[in-house]
Amino acid sequence: MAKNLLTLDSLGSEGIRQVLDLAADAKKVKGMTRESLPGGRVGLIFDKPSTRTRVSFEAAIWGLGMLPIALRSDELQLGRGETIADTARVLSRYLSALVIRTFEQARVEELARYASIPIVNALTDDHHPCQALADVMTLQEEFGGFAGLRVAFVGDGNNVCHSLIQAAGHLGFTLAVSAPVGHEPQAAIVEAARANCLVNGGGIELGHDPRAAVSGADAVYTDVWASMGQEKEREERARKFAGYRVDEALMTLAAPRAIFLHCLPAHRGDEVTDEVMDGPRSRVWDEAENRWYTEQALLYLLITGRERWERLG
Ligand code: CP
Ligand code: NVA
């Protein structure tokens, strides 16, 4: 098993599949038990707001038998100029793992460079790998696997989209991204995923027309138009993204079995209508629930370094 989860690429195809297998086991027994990692301690640093990630991680950590310690950077000496490197060295002496949500991806990478414990990226401006694990778990539950699957991503080619692109490369499904001009996903992430698709199957399609991306898709995914830290751009983005709302008319172009996914929080009426969020194709609540199981599986595998475990359930 990998040491860290910095981007989804940290796990590779094999690591992602191990997380998915253990998470599915954990779900069958309604979560791993407090005998799993008794006495462990996991720090959580949140520099941005969170409902799902914070609560699911704290609950998952407690459920594994460990103590969650949630902190904001400005409560740490980090906020007064102590270096990331020194913080990483010190926290490694107290904790079993450290989960961090922050702005620059480079901060997470720097923590990992100096820490001797697993570092987990709980969202940066560029990646949201924990979200992608729950997303692919939800796809697997619905469709039984990934071969031949077509997923459409409609909206901002940002952190959530980047992690889904990496997921497609490792699991071999097709991700069709449609984003407004100027909001396409980063080319380097797309190229690396395309190289993985040559080995694993699937592909990454890029375009600007949501209707083309959604046509025949098995799942339609969207995210907010203005991410955390982009609040000032909200109005400008609302204008640019106006044609990228997932509504019933768009969903009718998808495959008859298509489901709707969203990382949440949703801005209802912007990127998605109430009708789709609350409609029969929506799997957003299962997707949010799956955060808990994938996080338990991930922490267990990263902290123990194991590749096998006793089957649960
Ligand atoms: N999807 C997600 O990460 O939600 P939170 O911002 O509430 O953690
Ligand atoms: N792209 C969103 C995801 C929230 C979970 C953001 O970064 O705010």
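Remember, it's 1-based here, ligands and their atoms both numbered in the order they're listed.
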Looking at [Y] and [X], is any side-chain nitrogen of the basic one under 4.0 Å from a carboxylate oxygen of the acidic one?
X: R113; Y: E109; value: no
X: R107; Y: D125; value: no
X: E141; Y: R283; value: no
X: D286; Y: K27; value: no

Show me which atoms of ligand 1 lie under 4.0 Å from any heavy atom of [X].
X: H128; value: 2 (C), 3 (O)
X: C263; value: 1 (N)
X: R291; value: 1 (N), 2 (C), 3 (O)

Quiz prompt | Structural part of L264 in contact with ligand 1, heavy atom criterion under 4.0 angstrom | solution =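 Answer for L264: backbone.
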
Quiz item: Counting only heavy atoms, which portion of K48 has something under 4.0 Å from ligand 1: side chain, backbone, both, or neither?
Solution: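 For K48, there is no contact with ligand 1 at all, from either part.
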
Quiz item: Hey, mind stepping through E191 and R194 against salt bridge (charged side-chain N to carboxylate O under 4.0 Å, His left out) and telling me if it holds?
Solution: CA-CA 5 Å; E191 288 319 310; R194 281 182 172 154; 3.4 Å; yes

Which protein non-hydrogen atom lies closest to [atom], naming both residue and atom, and how far is it?
atom: atom 6 (O) of ligand 1; answer: R101 NH1, 2.9 Å
atom: atom 7 (O) of ligand 1; answer: T51 N, 2.7 Å
atom: atom 4 (O) of ligand 1; answer: R52 NE, 2.8 Å

Self-check item: Qualifying residues under side chain to side chain donor-acceptor pair (under 3.5 Å), relative to E205, sequence neighbours excluded
Solution: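 So E205 forms a side chain to side chain donor-acceptor pair (under 3.5 Å) with R150.
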
Donor-acceptor pairs under 3.5 angstrom involving side-chain atoms of residues 246-266: please list them, not counting sequence neighbours.
residue	atom	partner	partner atom	Å
D247	OD1	A249	N	3.3
D247	OD1	L250	N	3.0
T252	OG1	A249	O	2.6
R257	NE	D218	OD1	2.9
R257	NH2	D218	OD1	3.1
H262	ND1	L264	N	2.8
H262	NE2	E271	OE2	2.7

Self-check item: Polar contact flag for M228 and ligand 1 (N/O pairs, less than 3.5 Å)
Solution: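 Min N/O separation from ligand 1 is not below 3.5 Å for M228.
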
Practice problem: Give yes or no for whether the N/O distance cutoff of 3.5 Å, strictly under, is met between R54 and ligand 1. | Solution: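 No; the residue has no nitrogen or oxygen that sits under 3.5 Å from a nitrogen or oxygen of the ligand.
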
Exercise. Validate the cation-pi geometry between R234 and W225: distance from NZ or CZ to the six-membered ring centre under 6.0 Å, angle to the ring axis within 45°.
Key: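 The answer is no, since R234 fails at least one limit relative to W225.
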
Quiz prompt | ILVMFWY cluster, V120 and L22 together (side-chain gap under 4.5 Å) | solution =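 V120 and L22: one cluster.
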
Quiz item: Do W292 and I61 share a hydrophobic cluster (ILVMFWY, side-chain heavy atoms under 4.5 Å, transitive)?
Solution: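 Yes, one cluster joins them.
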
Quiz prompt | Pairs where residues 91-111 contributes a residue and the test ring pair (Phe, Tyr, Trp, His ring centres under 6.0 Å) is met, not counting sequence neighbours | solution =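 Ring pair (Phe, Tyr, Trp, His ring centres under 6.0 Å) check on residues 91-111 returns no pairs.
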
Measure and list all N/O to N/O distances between ligand 2 and the protein that fall under 3.5 angstrom.
residue	atom	partner	partner atom	Å
ligand 2	1 (N)	N159	OD1	2.9
ligand 2	1 (N)	D223	OD2	2.6
ligand 2	1 (N)	S227	OG	2.7
ligand 2	7 (O)	N159	ND2	2.8
ligand 2	7 (O)	S227	OG	3.4
ligand 2	8 (O)	M228	N	2.8

